Amino acid sequence: MAREKWASKIGFMLAAMGSAVGLGNIWRFSYVAGENGGGAFLILYLIFVLLIGIPVLLAEFSIGRQGQGDVVGAYQNLAPKKPWFVAGFMGITSAFLILGFYSVVAGWSLYYLWNYINGTFWSLPEGGYEATFGSLISNNYTPLFWHALFMVFTILVVLTGVKKGIEKANKIFMPALAIMLIGLALFSVTLDGAEKGLTFLFKPDWSILNDPTVYLAALGQAFFSLSLGMGSMMTYGSYLSKDESLPSATVGIGIMDSVFAIVAGVAIFPAVYAFGISPSSGPSLVFITLPGIFSEMPVGNIVGLVFFLLLSIAALSSAISILEVPVAYFLRKFNWSRGFASAFTGSIMFVIGIIVSLGMGMWAGVTPIGDKNIMDSISFVASDLLLPLGGLVIALFVGWYWTKEQAFEATDMHSNAIRNIWLGMVKYVAPIFIIIIFLQSAGVLGWLIP
Ligand code: PFF
């Protein structure tokens with residue numbers, strides 16, 4: 001069966017941007033920044049995006065395009081009989097884990113959308129938004145319905161295939177979400193007490209850097225937000241024809257993705273302080289803050305409705321890039337139809353999501369790792385460990401397995417200075433940073449932190 005192709009470079013760009021921009025920029029960025037002290041975390045995150053994220057993203061796209069395969073097949077095509085493809089299975093594992101919880105959170109967004117459609121959230125619900133959210137996620141059944149609905153949407157898009165399904169969806173919705181977020185940010189900074197939120201986000205309190213867990217949190221967030229290290233971008237790169245140029249697309253995606261996160265932060269943190277919410281509220285942060293903002297706004301009901309619609313669509317365009325990773329593998333490996341592969345894979349992820357969701361309901365006391373509940377534990381393993389590990393393999397493959405000429409040819413960069421800098425980042429900077437951060441989080445490098 002011939003592999004699919006993007007219809008155009010812009011189609012590829014939009015799909016890759018759609019993958020990058022999602023719940024990670026708004027929901028995950030805000031709560032992880034909130035838990036890790038704000039300003040200093042933001043700077044660390046941006047440094048990691050620039051030094052590791054963008055160079056490795058270009059490497060990941062290049063492996064996909066040169067390898068012309070899914071996350072396992074691309075490595076096998078490029079390095080037959082070598083063990084590099086094992087990283088592909090790691091990516092497939094991350095895809096199951098990440099979409100498992102991603103779909104649950106996207107389900108919450110759909111639930112909010114529904115409550116803005118039916119009017120329940122037009123006025124402050126009894127007990128306030130915080131209590132309402134708490135009772136949603138601790139309910140054993142309601143979140144599962146919305147999680148199922150979101151998974152069905154994701155499966156439907158993926159089973160219609162790359163061109164028809166994935167490529168078109170983002171053209172209108174992404175700019176709309178951008179405009180909406182900018183509008184929210186402008187409104188948020190007028191709230192009483194907004195300066196405190198802006199200070200939290202932009203004035204670094206460096207003492208947080210003494211906490212060894214901050215580095216891994218920032219690294220994981222950079223990878224998660226850029227959809228990096230799992231194979232989504234590799235798979236998307238494999239549908240791109242060889243005569244399109246990659247470097248400018250990569251830089252564009254990296255910058256846009258970070259801008260989305262920062263603007264989301266400007267929308268959220270002033271409101272967090274204005275409404276007296278704790279910045280370290282964890283995954284509930286945006287779900288209790290945003291409705292508060294809408295309730296203060298003129299025509300906030302409509303704004304809320306449109307916002308959760310756009311957020312759900314942004315989540316969908318990311319979710320399809322996650323589902324596509326195992327689907328592309330199964331299609332080739334077992335010769336399954338796209339329909340069956342999508343439905344089968346999505347169903348297993350749905351089951352993982354049930355476990356995640358019940359981890360906030362009847363299994364709320366279950367803490368597989370430290371004091372982390374099921375969702376936080378899965379997110380930690382998949383986003384903070386597996387994604388950077390996948391990125392490390394990508395960097396080592398392009399930097400050390402490929403020759404310099406192969407690497408340059410794969411990215412088709414022509415400026416000598418720029419391509420040498422890029423290769424230096426991929427060959428040395430990214431691997432060294434990732435390894436140091438891993439060792440240091442494991443407590444092996446106690447000396448780095450006084
Ligand atoms: N980047 C997406 C977001 O920010 O919501 C989530 C994501 C997509 C993570 C694809 C990982 C991935 F491979």
Side-chain angles (χ1 to χ4, degrees), residues 23-42 105 108-139 143 177 179-205 208 221 260-312 314 360 376:
L23 295 170
N25 304 65
I26 297 169
W27 162 73
R28 198 176 191 280
F29 173 79
S30 307
Y31 93 75
V32 178
E35 280 176 341
N36 288 284
F41 172 89
L42 174 63
V105 179
W108 300 343
S109 174
L110 285 179
Y111 173 84
Y112 271 51
L113 170 61
W114 174 239
N115 280 290
Y116 275 101
I117 293 175
N118 72 16
T120 312
F121 278 8
W122 291 5
S123 53
L124 197 68
E126 211 175 311
Y129 292 110
E130 192 160 354
T132 307
F133 181 73
S135 64
L136 164 70
I137 62 168
S138 58
N139 185 297
L177 182 66
I179 293 170
M180 187 98 198
L181 267 183
I182 293 171
L184 281 188
L186 290 175
F187 179 78
S188 251
V189 297
T190 66
L191 291 170
D192 268 351
E195 315 89 85
K196 275 207 194 124
L198 295 175
T199 307
F200 178 80
L201 186 61
F202 292 119
K203 189 153 177 281
D205 167 6
I208 188 86
Q221 178 57 26
F260 260 95
I262 294 172
V263 177
V266 176
I268 301 293
F269 285 106
V272 163
Y273 281 88
F275 303 142
I277 297 166
S278 160
S280 55
S281 303
S284 60
L285 186 72
V286 299
F287 287 95
I288 55 186
T289 310
L290 282 166
I293 306 180
F294 301 136
S295 70
E296 298 275 314
M297 278 183 138
V299 293
N301 308 335
I302 297 176
V303 179
L305 189 157
V306 177
F307 181 84
F308 282 106
L309 177 68
L310 295 174
L311 184 65
S312 306
M360 283 161 273
D376 292 345

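The analysis underlying the following values was restricted to heavy atoms, covering all of them including side chains, and did not include hydrogens, waters or symmetry mates. Predicted model only: the values in this text are computed from it and were never measured.
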Nearest-0.5 Å distance that lies between atom [atom1] in [X] and atom [atom2] in [Y]:
X: Tyr111; Y: Ile137; atom1: OH; atom2: CD1; result: 11.5 Å
X: Asn25; Y: Leu311; atom1: CG; atom2: CG; result: 10.0 Å
X: Phe202; Y: Thr199; atom1: CZ; atom2: OG1; result: 10.0 Å
X: Asn36; Y: Tyr31; atom1: CG; atom2: OH; result: 10.0 Å
X: Ile268; Y: Phe200; atom1: CD1; atom2: CZ; result: 12.5 Å
X: Trp108; Y: Phe133; atom1: CH2; atom2: CZ; result: 4.0 Å

Might you work through the side-chain contact (heavy atoms from CB on, under 4.5 Å) test for Phe287 and Val105, ending with a clear yes or no? CA-CA 10 Å; Phe287 287 95; Val105 179; 4.0 Å; yes

For residues [X] and [Y], report the shortest heavy-atom separation together with the two atoms involved.
X: Gly265; Y: Pro270; value: O-CD, 3.8 Å
X: Glu35; Y: Ser280; value: CA-CB, 4.0 Å
X: Val266; Y: Leu201; value: N-CD2, 3.7 Å
X: Gly24; Y: Gln221; value: O-NE2, 3.1 Å

Please tabulate, one pair per line, all N/O donor-acceptor pairs under 3.5 Å involving side-chain atoms of residues 182-195, not counting sequence neighbours.
| from | atom 1 | to | atom 2 | distance (Å) |
| --- | --- | --- | --- | --- |
| Ser188 | OG | Ala267 | O | 2.5 |
| Thr190 | OG1 | Phe187 | O | 2.5 |

Test side-chain contact (heavy atoms from CB on, under 4.5 Å) on Ser138 and Met360; report intermediate values, then the result. CA-CA 5 Å; Ser138 58; Met360 283 161 273; 5.9 Å; no

For residues 289-310, tabulate all N or O donor-acceptor pairs below 3.5 Å that involve a side-chain atom, not counting sequence neighbours.
| from | atom 1 | to | atom 2 | distance (Å) |
| --- | --- | --- | --- | --- |
| Thr289 | OG1 | Leu285 | O | 2.6 |
| Ser295 | OG | Gly292 | O | 2.7 |

Let me have the donor-acceptor pairs involving side chains of residues 119-130, under 3.5 Å, with sequence neighbours excluded, atom names and distances please.
| from | atom 1 | to | atom 2 | distance (Å) |
| --- | --- | --- | --- | --- |
| Thr120 | OG1 | Asn115 | OD1 | 3.3 |
| Thr120 | OG1 | Asn118 | OD1 | 2.6 |
| Trp122 | NE1 | Tyr116 | O | 2.8 |
| Tyr129 | OH | Phe121 | O | 3.3 |

Just by distance, do the side chain of Trp27 and the backbone of Pro283 share a donor-acceptor pair under 3.5 Å?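 Here the side-chain-to-backbone pair exists.
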
